[in-house]
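Here the structure is laid out as structure tokens; the discussion comes afterwards.
Computed over heavy atoms, backbone and side chain alike; hydrogens, waters and symmetry mates excluded.
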Amino acid sequence: MTQSADPADPATPADLVITGCTVLVHGAPPAGTASTAGRGDPAGRGDPADRDGPGGPAGTGGTGGTNGPGGPADLECVAFAHDAAVVVRDGVVKAVTSAAAGAALPAAERIDARGQVALPGLINCHTHAPMAALRGLAEDLPTEEWFNDVVWPVESNLAARDVELGARLACAEMIRAGVTCFADHYFAMDTVADVVAECGLRALLGQAYFSTQGREGREQSLDFALRRRGDAGGRITTALAPHAPYTVTDADLTITAALAREHGLPVHLHAAENRDQTEASLARHGVTPIGVLERTGVLDTDVLIAHGTGILGRDLPALARADGRTAVATAPRGYLKFAWPTTTPVRALRDIGVDVGLATDGAASNNSLDVWESMALTALIQKQSEGDPRWLTARQALHHATLQSARAVGLGGTVGSIAPGRRADIVLVDLTGPHTQPVHDLAATLVHSARSSDVRTTIVDGKVLMRDRELLTLDVPGVVRELERRLPALLDRGHGRRVQTYDT
């Protein structure tokens with residue numbers, strides 16, 4: 001028996017069958033496949049997070065909170081099915097079955113994935129893809145100088161072609177790193193949408209705006225969201241994208257929240273990015289950035305909050321009582337680079353049912369779009385910040401990287417799990433290298449030993465975008481050559497302009 005009532009219609013071959021792999025599943029492995037305890041864990045111990053109940057070792061709790069979709073029934077439901085096969089038809093997972101059953105099925109395309117692990121594609125829950133063109137431009141600077149002296153002056157030079165080339169470079173990097181979906185927040189978003197449609201990725205896209213643009217910026221954000229949602233065969237979803245409470249007025253945020261409710265759109269913005277922003281908001285407005293989101297109605301929408309390292313204990317009740325789906329995206333590498341004193345309070349958010357997805361931010365601050373690295377860093381930094389080695393286990397980290405990240409971008413019922421009825425967004429990870437052997441604990445090997453460069457194959461909607469490390473939908477050398485020719489004009493800061501001023 002498999003995880004499907006009818007894995008194969010003999011009259012209709014499957015579009016794709018992936019055979020011989022280990023499959024990360026949420027919940028119990030399918031009947032007919034070997035379980036985690038049978039391989040990669042010779043003692044049959046299972047992951048420590050599976051002992052002492054679903055929340056992990058006694059006293060640690062689990063991933064997800066008590067009030068939302070990450071509640072007790074959903075804690076750390078990560079397991080592994082060995083000697084398995086994944087059957088794909090019409091861009092959808094039809095079955096997860098045994099390798100023997102998969103081998104017997106007719107298929108238009110077949111991938112032999114022995115020695116590899118099939119994971120749900122990673123999701124970059126907050127980035128600025130075109131900023132790949134600015135990678136390494138502003139190094140070793142505090143946040144205010146990074147924005148005001150370098151990045152925002154350079155961004156005043158952006159042309160649509162610069163945005164396109166940066167987006168192409170970013171999409172290529174993400175495909176190679178096992179990312180199948182990303183949430184982008186930037187300018188000239190029609191250009192990014194066109195790149196997404198061409199390259200095959202999935203994306204939640206939002207046209208960013210500041211209040212200094214007047215009502216035009218807000219209207220452009222809405223216009224983009226309404227025109228492009230559902231594009232690329234449904235791979236593109238859209239959001240309203242005000243920049244942040246310190247660059248968008250309460251009046252604009254209130255209107256944005258009303259528009260989001262009226263049109264059924266989520267809101268994606270930065271808020272409480274760091275502790276300095278929170279303290280500045282308290283001094284100037286008497287409320288935290290989260291308090292601003294509550295009083296303007298943004299928390300009554302489906303909202304994705306970028307970073308949140310400045311979220312305080314006093315903010316948690318507002319987040320817990322929010323009427324919409326509230327999620328936070330954490331991108332820890334940038335917080336380390338900027339020497340921010342705090343990180344995203346993942347554990348506190350877990351306790352109130354707020355999903356935390358993994359992210360990289362833009363390559364101008366993070367230097368890479370490697371969500372795999374974000375997964376490992378999140379697990380390690382959370383242990384250090386909480387002073388608890390039992391917190392944020394490898395399986396918890398995988399849960400954040402898969403189901404929680406999918407829910408964070410509003411796709412919790414579509415992707416994030418390899419299961420019948422889900423879109424076939426799958427990556428195959430090679431664990432035969434010396435740095436991943438031997439495998440005593442498969443979850444820990446994936447999180448702490450494997451690297452994004454171990455991803456061999458990336459699949460979105462059942463279409464292979466990278467096979468055996470070869471990109472199939474993007475021309476990186478051509479992008480790099482043209483971008484290099486355009487860089488002198490793009491990087492000029494002699495004009496004295498900037499798109500905005502960072503003054504929290």
Subject >> Nearest non-hydrogen partners of Asp184 and Pro130, listed with the distance >> reply: OD2-CD, 3.5 Å

Subject >> Between CG on residue Leu465 and CG on residue Leu471, distance to nearest 0.5 Å >> reply: 9.0 Å

Original post:
Rounded to the nearest 0.5 Å, how far does CG of Leu204 lie from OG1 of Thr237?
Top reply: 4.0 Å

Original post:
Given side chains that start at C-beta, do those of Lys463 and Val460 come closer than 4.5 Å, heavy atoms only?
Top reply: no

Original post:
Counting distance only, does the side-chain N/O of Ser365 pair as donor-acceptor with the main-chain N or O of Gly334 below 3.5 Å?
Top reply: no

**OP:** Check for a donor-acceptor pair, side chain of Arg469 on one end and backbone N or O of Val455 on the other, with a separation under 3.5 Å.
**Re:** yes

Subject >> Asp370 and Ser452 side chains, donor-acceptor separation under 3.5 Å >> reply: yes

Subject >> Ile311 CD1 to Ile305 CD1 distance, which is reported to the nearest 0.5 Å >> reply: 5.5 Å

Subject >> Residue pair Arg228, Met189: steps toward the side-chain contact (heavy atoms from CB on, under 4.5 Å) verdict >> reply: CA-CA 10 Å; Arg228 300 305 296 257; Met189 197 50 66; over 6 Å; no

Subject >> Smallest separation among heavy atoms of Ala241 and Gly206, with atom names >> reply: CB-C, 3.6 Å

Original post:
Is the shortest heavy-atom distance from the side chain of Leu380 to the side chain of His448 under 4.5 Å?
Top reply: yes

Subject >> side-chain contact (heavy atoms from CB on, under 4.5 Å) evaluation trace for Val346 with His400 >> reply: CA-CA 10 Å; Val346 176; His400 282 280; 3.6 Å; yes

Original post:
Is Asp430 salt-bridged to Arg451, cutoff N-O under 4.0 Å?
Top reply: no

**OP:** First locate atom CZ of Arg229, then atom CZ of Phe224, and finally report the distance between them rounded to the nearest 0.5 Å.
**Re:** 12.0 Å

Original post:
Can you tell me how far CG of Asn366 sits from OG of Ser374, rounded to the nearest 0.5 angstrom?
Top reply: 6.0 Å

Original post:
If you take all heavy atoms of Arg395 and Val78, which pair is closest and at what distance?
Top reply: NH1-O, 2.6 Å

Original post:
Is the backbone of Val196 close enough, under 3.5 Å, to the side chain of Arg235 for a donor and an acceptor to pair up by distance?
Top reply: yes

Original post:
Do Trp391 and Glu386 have side-chain atoms, one donor and one acceptor, less than 3.5 Å apart?
Top reply: no

Original post:
Does the side chain of His435 come under 3.5 Å of the side chain of Ser449 through a donor N or O and an acceptor N or O?
Top reply: no

Subject >> Reference residue Pro120; test side chain to side chain contact (heavy atoms under 4.5 Å, CB included); the match among Leu24, Val23, Val415, Ile426 >> reply: Leu24

Subject >> Flag if over 12 foreign heavy atoms under 6.0 Å of CZ, Arg114 >> reply: no

**OP:** With rounding to the nearest 0.5 Å, note down the distance linking OG1 in Thr191 to CZ in Arg168.
**Re:** 10.5 Å

Original post:
Side chain of His185, backbone of His268: donor and acceptor closer than 3.5 Å?
Top reply: yes

**OP:** Return yes if a side-chain donor-acceptor contact under 3.5 Å exists between His26 and Thr402, otherwise no.
**Re:** yes

Original post:
Got a donor-acceptor contact below 3.5 angstrom from the Asp90 side chain to the Val92 backbone?
Top reply: no

Subject >> Ala272 versus Thr278, closest heavy-atom pair with distance >> reply: CB-OG1, 3.9 Å

Original post:
Does Asp388 offer a backbone N or O that forms a donor-acceptor pair with the side chain of Lys383 under 3.5 Å?
Top reply: no

**OP:** For the pair Gln382 (side chain) and Thr378 (backbone), establish whether a donor and an acceptor sit closer than 3.5 Å, ignoring hydrogens and angles.
**Re:** no

**OP:** Measure the shortest side-chain to side-chain distance between Thr256 and Val298 over non-hydrogen atoms and say whether it is less than 4.5 angstrom.
**Re:** no

**OP:** Evaluate the side-chain proximity of Val479 to Leu474: yes if any heavy-atom separation is below 4.5 Å, no if none is.
**Re:** no

**OP:** Considering only NZ, NE, NH1 and NH2 on the basic side and carboxylate oxygens on the acidic side, decide whether Asp15 and Arg89 come within less than 4.0 Å.
**Re:** no

Original post:
Just by modelled atom types, is the Ala260 backbone N or O under 3.5 Å from a matching donor or acceptor in the Thr301 side chain?
Top reply: no

**OP:** Using a strict 4.0 Å threshold on nitrogen-to-oxygen distance, state whether Arg423 and Asp425 make a salt bridge.
**Re:** no

**OP:** State whether a side-chain donor-acceptor pair under 3.5 Å links Asn274 with Thr309.
**Re:** no

Subject >> Ile175 and Thr473, any side-chain heavy atoms less than 4.5 Å apart >> reply: yes

Original post:
side-chain contact (heavy atoms from CB on, under 4.5 Å) between Thr127 and Asp361: does it pass, once the steps are laid out?
Top reply: CA-CA 4 Å; Thr127 190; Asp361 208 2; 5.9 Å; no

Subject >> Closest heavy-atom pair and its distance - Leu269, Pro245 >> reply: CD1-CD, 4.3 Å

Original post:
Just wondering, do Leu398 and Met375 contact through their side chains at under 4.5 Å, heavy atoms?
Top reply: yes

**OP:** Mark yes or no for whether Thr436, through its side chain, and Leu431, through its backbone, hold a donor-acceptor pair below 3.5 Å.
**Re:** yes

Original post:
Only one of Leu446, Asp454, Val447 clears side chain to side chain contact (heavy atoms under 4.5 Å, CB included) with Trp372; which?
Top reply: Leu446

Original post:
Is there side-chain contact between Asp300 and Arg261, with at least one heavy-atom pair below 4.5 Å?
Top reply: yes

**OP:** Using only heavy-atom distances, determine whether the side chains of His126 and His128 contain a donor-acceptor pair under 3.5 Å.
**Re:** yes

Original post:
Leu201 versus Cys181: any side-chain heavy-atom pair under 4.5 Å?
Top reply: no

**OP:** Please check if the side chain of Gln404 supplies one atom and the backbone of Val356 the other of a donor-acceptor pair under 3.5 Å.
**Re:** yes

**OP:** Just do the side-chain contact (heavy atoms from CB on, under 4.5 Å) check on Glu273 and Trp340 with the steps written out, would you?
**Re:** CA-CA 10 Å; Glu273 293 177 86; Trp340 290 353; 4.2 Å; yes

Subject >> Gln437 CD: over 12 foreign heavy atoms closer than 6.0 Å >> reply: yes

Original post:
Below 4.0 angstrom, N of the basic side chain to O of the carboxylate: do Arg467 and Glu109 qualify?
Top reply: yes

**OP:** Taking all heavy atoms of Leu16 and all of Gly462, pick out the closest pair and write down the distance.
**Re:** CD2-O, 4.2 Å

Original post:
Going through the checks in order, is the salt bridge (Lys or Arg N to Asp or Glu O under 4.0 Å) test met by Arg135 and Glu173?
Top reply: CA-CA 12 Å; Arg135 189 192 319 266; Glu173 180 182 358; 2.9 Å; yes

